[in-house]
Amino acid sequence: MNPAVSDYLQTHQDQFLDELKTLLRIPSVSADPAFLPAMTQAAEFLRDQFVGLGFTTEIVKTAGHPIVYAEWLNAPGKPTVLIYGHYDVQPPDPLDLWTTPPFEPTIRDGKIYARGATDDKGQFFTHIKAAEAWIKATGSLPVNLKFVIEGEEEVGSNNLDQFLESNKQKLKADVAVISDTSQYAPGIPAITYGLRGIIACEVTLTGPKKDLHSGIYGGAVANPANMLARLIAQLHDDQGRVQIPGFYDDVLALTTAEREQFAALPFDEKAFLNEVGSPATWGEAGFTSLERRWARPTCDVNGITGGYQGVGPKTIIPSKASAKITCRLVPHQNPEKLLVALEAFLKARCPAGVTLSFQSNHGCPPFVFDPTNKYIDAARTAITTAFGKPPVLMREGGSIPVVATFQQILGLSTLLLGWGQNTDNLHSPNEHFTVADFHRGIHANAALWPELPTA
Ligand code: BES
Ligand code: ZN
């Protein structure tokens with residue numbers, strides 16, 4: 001890599017980390033309106049970063065949280081890279097499980113702890129700092145860059161498609177790059193070529209018009225909490241297969257080659273159980289844990305509620321019970337079709353004595369890329385330079401809605417270059433990002449751009 005750029009990266013590590021801390025102090029929780037002012041604050045912080053680098057920059061208002069758009073197009077004849085990230089973060093709850101407060105970034109054991117450290121502030125910031133290194137050290141960039149940093153990824157990216165649709169021309173690029181996934185394991189960097197999709201809903205069962213005395217009325221009216229448990233229990237059979245009719249119809253089967261490739265990755269079941277803290281693995285019969293997580297669809301209750309949740313007993317038949325349910329989808333399952341199938345399944349089995357209401361939420365399609373596309377080699381070279389090891393190819397179980405829409409709306413393939421670890425506690429208390437991975441990520445981005453082939 002360009003020696004002046006390398007030098008800049010080396011000598012500015014502390015400054016990069018300080019700036020990341022400033023960004024992490026902004027509590028940009030997209031799901032909760034109480035944090036609204038922080039969304040603007042985060043967008044303005046990013047705008048100022050880009051303005052400082054000479055990018056043409058704007059904060060784009062949407063029906064939800066703003067999008068930060070920035071471009072630098074002074075490398076005629078060179079490829080154009082569209083970089084995506086999200087400045088919104090998950091709610092920090094439960095707060096009492098954090099060792100240090102979620103919005104007071106703290107470094108312990110070489111890791112920076114804060115909500116958003118790895119998902120996704122620390123990760124997308126690596127691209128901004130790589131751009132800074134090139135511009136400050138050489139006065140220029142080896143490619144054209146366009147940045148889209150949104151504030152609604154953690155709540156389903158509902159207003160992003162409209163932005164992409166109405167700015168197709170402006171967003172034209174050769175390839176997209178996203179750092180919002182994980183490495184395979186510590187010391188094993190990765191390029192991710194597949195993500196699962198998702199559908200989400202909330203189902204509510206209502207029985208009596210108010211909570212009832214369970215002695216006076218119990219046994220004579222349907223209890224919505226009991227009925228919800230019965231309904232949820234029907235979602236899987238004993239083999240862990242989802243029972244929604246047609247659920248597996250469009251599932252792309254794993255090829256023998258892909259199964260072999262997954263099986264060749266180091267996977268220690270004991271270490272995996274230790275990582276998650278469960279006493280045993282569980283899942284669809286006939287598949288390994290990696291296959292279940294990366295290439296098989298699921299149906300999960302994310303939250304369930306109903307009846308008395310306070311201290312001590314309370315003898316009632318609750319009036320209502322509800323569950324938040326999501327299904328992770330794999331190629332070529334269709335989110336719209338499966339949302340209809342899920343609703344029909346629940347309604348068809350709704351027990352007598354309660355009424356059911358179904359509220360659909362966000363969704364996005366699954367994705368796999370051809371892992372031999374022409375940009376992968378450039379990424380492999382850059383990662384090897386920065387991490388000292390070649391990356392493995394992997395899929396991931398999580399979802400990033402924009403990846404499918406980049407393809408659909410802009411015709412773009414995405415390089416998913418994640419610098420995090422799955423053990424970074426994303427969406428959990430004590431989220432963190434390894435400081436060395438932050439710096440290696442910046443290095444890899446800076447090394448990637450000159451490697452990218454022209455269209
Ligand atoms: N960064 C994650 C996705 C991710 C994490 C993919 C680790 C692979 C490995 C992203 O921010 C996320 O959490 N996405 C949501 C999307 C949903 C709300 C539509 C998800 O997967 O739950
Ligand atoms: Zn996330």
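Nothing fancy with the numbering, it's 1 onward along the sequence. Start at 1 and go down the list; that is how both ligands and their atoms are numbered. Just so it is clear, the model here is predicted, and its values are computed rather than measured.
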Worksheet item: Relative to each other, are the rings of Phe438 and Phe433 parallel, tilted or perpendicular (30° and 60° limits)?
Response: perpendicular
Item to complete: Return yes when at least one N/O/S atom of His427 is nearer than 2.8 Å to the Zn ion (ligand 2), and no when none is.
Response: yes
Worksheet entry | Contact partition for Gln90 relative to ligand 1, non-hydrogen atoms under 4.0 Å | neither
Worksheet item: Heavy-atom contact under 4.0 Å between His427 and ligand 1?
Response: yes
Practice prompt. Assess Arg25 against Phe103: is NZ or CZ under 6.0 Å from the centre of the six-membered ring, and within 45 degrees of the ring's axis?
Written response: no
Worksheet item: Just checking, is any N or O donor in the side chain of Thr326 or Asn302 under 3.5 Å from an acceptor N or O on the other one?
Response: yes
Item to complete: Check Arg328 against ligand 1 and report side chain, backbone, both or neither, counting heavy atoms closer than 4.0 Å.
Response: side chain
Discussion item. For the Zn ion (ligand 2), give me the closest N/O/S atom belonging to Glu154, just the atom name.
Written reply: OE2
Worksheet item: Which residue supplies the protein heavy atom nearest to atom 17 (C) of ligand 1, what is that atom called, and how far is it?
Response: His362 CE1, 4.0 Å
Worksheet item: Using the benzene-type ring in the case of Trp, are the ring centres of Phe387 and Trp419 under 6.0 Å apart?
Response: yes
Fill in: Separation between OG1 of Thr57 and CG of Leu46, rounded to the nearest 0.5 Å
10.0 Å
Item to complete: Would you kindly specify which portion of Val155 sits under 4.0 Å from ligand 1, judged on non-hydrogen atoms: side chain, backbone, both or neither?
Response: neither
Practice prompt. Give a yes/no verdict on whether any heavy atom in Asp120 is under 4.0 Å from an atom of ligand 1.
Written response: no
Worksheet item: Do you see a donor-acceptor pair shorter than 3.5 Å between the side chains of Glu165 and Gln408?
Response: no
Worksheet entry | is_close_aromatic(Phe272, Phe267), centroid dist under 6.0 Å | yes
Worksheet item: Strictly by modelled atom types, are His65 and Asp88 linked by a side-chain donor-acceptor pair under 3.5 Å?
Response: no
Fill in: Closest approach of any protein heavy atom to atom 10 (C) of ligand 1, naming residue and atom
Glu153 OE2, 3.2 Å
Worksheet item: Which residue holds the protein heavy atom closest to atom 7 (C) of ligand 1, what is that atom called, and what is the gap in Å?
Response: Leu426 CD1, 3.8 Å
Discussion item. Among the N, O or S atoms of Asp119, which one sits nearest to the Zn ion (ligand 2)?
Written reply: OD2
Discussion item. Taking only non-hydrogen atoms of Arg196, do any sit less than 4.0 angstrom from ligand 1?
Written reply: no
Worksheet item: Which protein non-hydrogen atom lies closest to atom 6 (C) of ligand 1, naming both residue and atom, and how far is it?
Response: Gly398 CA, 3.8 Å
Worksheet item: From the Zn ion (ligand 2) out to just under 2.8 Å, does an N/O/S atom of Asp120 turn up?
Response: no
Worksheet entry | Salt bridge Glu291-Arg259, side-chain N to carboxylate O under 4.0 Å | yes
Worksheet entry | Under 4.0 Å to a heavy atom of Glu154 - the qualifying atoms of ligand 1, by number | 11 (O), 12 (C), 13 (O), 18 (C)
Worksheet entry | Arg108 NZ/CZ over Tyr113 ring centroid, <6.0 Å and within 45° of normal | yes
Worksheet item: Between CG of Leu82 and NZ of Lys146, what distance do you get to the nearest 0.5 Å?
Response: 7.5 Å
Worksheet item: In terms of atom number and element, which parts of ligand 1 are under 4.0 angstrom from non-hydrogen atoms of Asp119?
Response: 1 (N), 2 (C), 10 (C), 11 (O), 13 (O)
Discussion item. Going by the closest heavy atom to atom 15 (C) of ligand 1, which one wins out of Ser399, Cys364, Gly156, Ser182?
Written reply: Ser399
Worksheet entry | N or O pair under 3.5 Å between His86 and ligand 1 | yes
Worksheet item: So which of Val403, Thr192, Asp180, Ile178 gets nearest to atom 2 (C) of ligand 1, if we judge by its closest heavy atom?
Response: Asp180
Practice prompt. Would you sort out whether Arg328 and Ser399 count as a side-chain hydrogen bond (donor to acceptor under 3.5 Å, both in side chains), showing the intermediate values?
Written response: CA-CA 8 Å; Arg328 293 284 170 175; Ser399 310; 2.7 Å; yes
